Each structure stands twice: as C-alpha cells, then as structure tokens.
Amino acid sequence: HDINEDVFKKVMTVINSLKRLTTLNQSLILLAKIENMQFEKSSEVSLNEIILRKKEDMSAFIDAKNLDVEIKAEGNFLIGMNASLSDILIGNLFANAVNHNVTGGIIRISIKPGFLQIRNTGENHSLTNKNVFNRFVSGNPKSPGLGLAIVRQICETHNLDVQYAKEELHCFTVRTKS
C-alpha cells in the first residue's frame, strides 16, 4: 500500500518501541527465572569454547568497528552451569566489550582455570563496580541497562564473583569463589 513518508516514520517508531519493550520484558523474565533457579540441570561447559564461538558470531560487528580482538588462554575455564546461561553470560560480556568500544579499539581476553578477564577500550563514563551491575544502569542511553545485571545474577547463582574496574581499559573479571 502507498503510505506517505510521515506515516511510515511513525509506524517505524512504533515498531522500534515495541521491539525495545519486548527485549526489556524478555530480560526481566530471564532475571526472574535466574533468581528463582528455574533452569534445567547444569552440565560442565567450557567458557573458552563459548568465547571463541561468540567471537565468530560477532565477527561482522567486530570488523565494522575495526576492533583488534586478542584471546589468550592459559588453560580451560570449566564450570558446571546450564548451557543457555553460560551462553548468555559470555554473550553479554562479549557484546558489552564490542558495543561500548570505540572504532579501532581493542578487546583483550585472558582465560585461566577459574578466571576470565575481558578488557576493552571505550568511552569514559561514571559507572563503577558498585553500580555497573545494577538494573537499569547503563553508560549508553540506548541500552536499558539489564545485560550486566543478568551477568551478575548468573554469577551469583553459580558461585562466581564478577568485578568491574576502569583503569587504562574497561575490565570485567569473572572468577570462581574460593
């Protein structure tokens, strides 16, 4: 059907708003499921393998931003976790490093048994380790601020510690609790 440009723009605005609300709803449901331990039995998963898969999955975005990604593995990070949750955990951390990076930036990933660190260049912001994992807190106005809250909740329910620090690079560290 022929519609004028003004109507088309309004329809696209409504569609985009609906997509954002759907994503927000799905994220909140996921958080509730994690908090209530409503996931199937855990199996041993390799975070190394998931990181390599996520790098491949996001290669178009990495190339578009001309990012230099380096993965240094000194052993395998194996953990008993639901496979879907491990995929979400790594996916959110990796996507965060890509999406909040600068064009021509870097991502450095270090993996050891019981230790994962993802560091990346990016814009300065006011987020700290105390607030970066809170719900609805984001350094980007286009983000609802739930991705890192999901990361924290997955870590808390799987005996993992997650920390954020900003020095020269933004740095997220996940390690098994002692």
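None of the values given here were measured: they were computed from a predicted structure.
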Enquirer: Does some side-chain heavy atom of I118 sit less than 4.5 Å from a side-chain heavy atom of N96?
Expert: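 Side chain of N96 against side chain of I118, heavy atoms only: no contact under 4.5 Å found.
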Enquirer: Any idea which heavy atoms bring C155 and V174 closest together, and the distance?
Expert: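 Closest heavy-atom pair between C155 and V174: SG-CG1, 4.2 Å.
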Enquirer: Any side-chain hydrogen bond (donor to acceptor under 3.5 Å, both in side chains) involving residues 68-77? Give me the pairs, sequence neighbours left out, ordered by first then second residue.
Expert: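 Checked against side-chain hydrogen bond (donor to acceptor under 3.5 Å, both in side chains) - neighbours excluded - the pairs reaching residues 68-77 are S46-N76, D68-R108, K72-E74.
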Enquirer: Do the non-hydrogen side-chain atoms of H158 and T176 ever get within less than 4.5 Å of each other?
Expert: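 They are not in side-chain contact.
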Enquirer: Classify the angle between the aromatic ring planes of H170 and Y164 as parallel (below 30°), tilted (30 to 60°) or perpendicular (above 60°).
Expert: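 The arrangement is parallel - the two ring planes meet at less than 30°.
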Enquirer: Does any non-hydrogen side-chain atom of V98 lie less than 4.5 Å from one of N120?
Expert: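 No, their side chains stay 4.5 Å or more apart.
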Enquirer: For the residue pair I79 and E44, establish whether any side-chain heavy-atom pair is separated by less than 4.5 Å.
Expert: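 SC-SC contact between I79 and E44 ruled out.
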Enquirer: Write down the atom of V102, the atom of L67, and the distance for their closest heavy-atom approach.
Expert: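 Answer, listing the atom of V102 first, then L67: O-CD2, 3.3 Å.
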Enquirer: Quick one: are N92 and L148 in side-chain contact, heavy atoms under 4.5 Å?
Expert: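 Side chain of N92 against side chain of L148, heavy atoms only: no contact under 4.5 Å found.
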Enquirer: Looking only at non-hydrogen atoms, find the nearest pair between G75 and N48 and report the distance.
Expert: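 Scanning both residues completely, I find the closest heavy atoms to be O-ND2, 2.9 Å.
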Enquirer: Pairs in or reaching into residues 159-178: which pass salt bridge (charged side-chain N to carboxylate O under 4.0 Å, His left out), with residues at least two apart or in two chains?
Expert: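 Sorted pair list comes back empty.
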Enquirer: Atom CG of N101 and atom OG1 of T121: how far apart are they, to the nearest 0.5 Å?
Expert: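 That separation rounds to 3.5 Å.
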Enquirer: Output a table of donor-acceptor pairs, distance under 3.5 Å, between side-chain atoms of residues 54-64 and any protein atom two or more places apart or on a different chain; print 'none' if there are none.
Expert:
unit_1: K54; atom_1: NZ; unit_2: D87; atom_2: OD1; d: 3.4
unit_1: K54; atom_1: NZ; unit_2: D87; atom_2: OD2; d: 3.1
unit_1: S59; atom_1: OG; unit_2: E56; atom_2: O; d: 3.0

Enquirer: Should L78 and P113 count as side-chain neighbours, where that means a heavy-atom distance under 4.5 Å?
Expert: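 No; the side chains remain at least 4.5 Å from each other.
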Enquirer: Test side chain to side chain donor-acceptor pair (under 3.5 Å) on T173 and Q117 and set out the steps.
Expert: CA-CA 4 Å; T173 304; Q117 189 171 72; 3.0 Å; yes
Enquirer: Less than 4.5 Å apart, side chain to side chain, heavy atoms only: is that true for L116 and I90?
Expert: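 Yes; the side chains approach each other to less than 4.5 Å.
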Enquirer: Do the side chains of E49 and R53 get close enough for a salt bridge, i.e. N-O under 4.0 angstrom?
Expert: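 Not counted as a salt bridge, because no side-chain N and carboxylate O are separated by less than 4.0 Å.
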Enquirer: At what distance, to the nearest 0.5 angstrom, does CD1 of I109 lie from CZ of F172?
Expert: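 It comes to 12.5 Å.
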Enquirer: Could you tell me whether the side chain of L89 reaches within less than 4.5 Å of the side chain of L85, counting heavy atoms only?
Expert: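 Not in contact.
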Enquirer: Starting from I71, can I reach I106 by hopping between I/L/V/M/F/W/Y residues whose side chains sit under 4.5 Å apart?
Expert: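 Different hydrophobic clusters.
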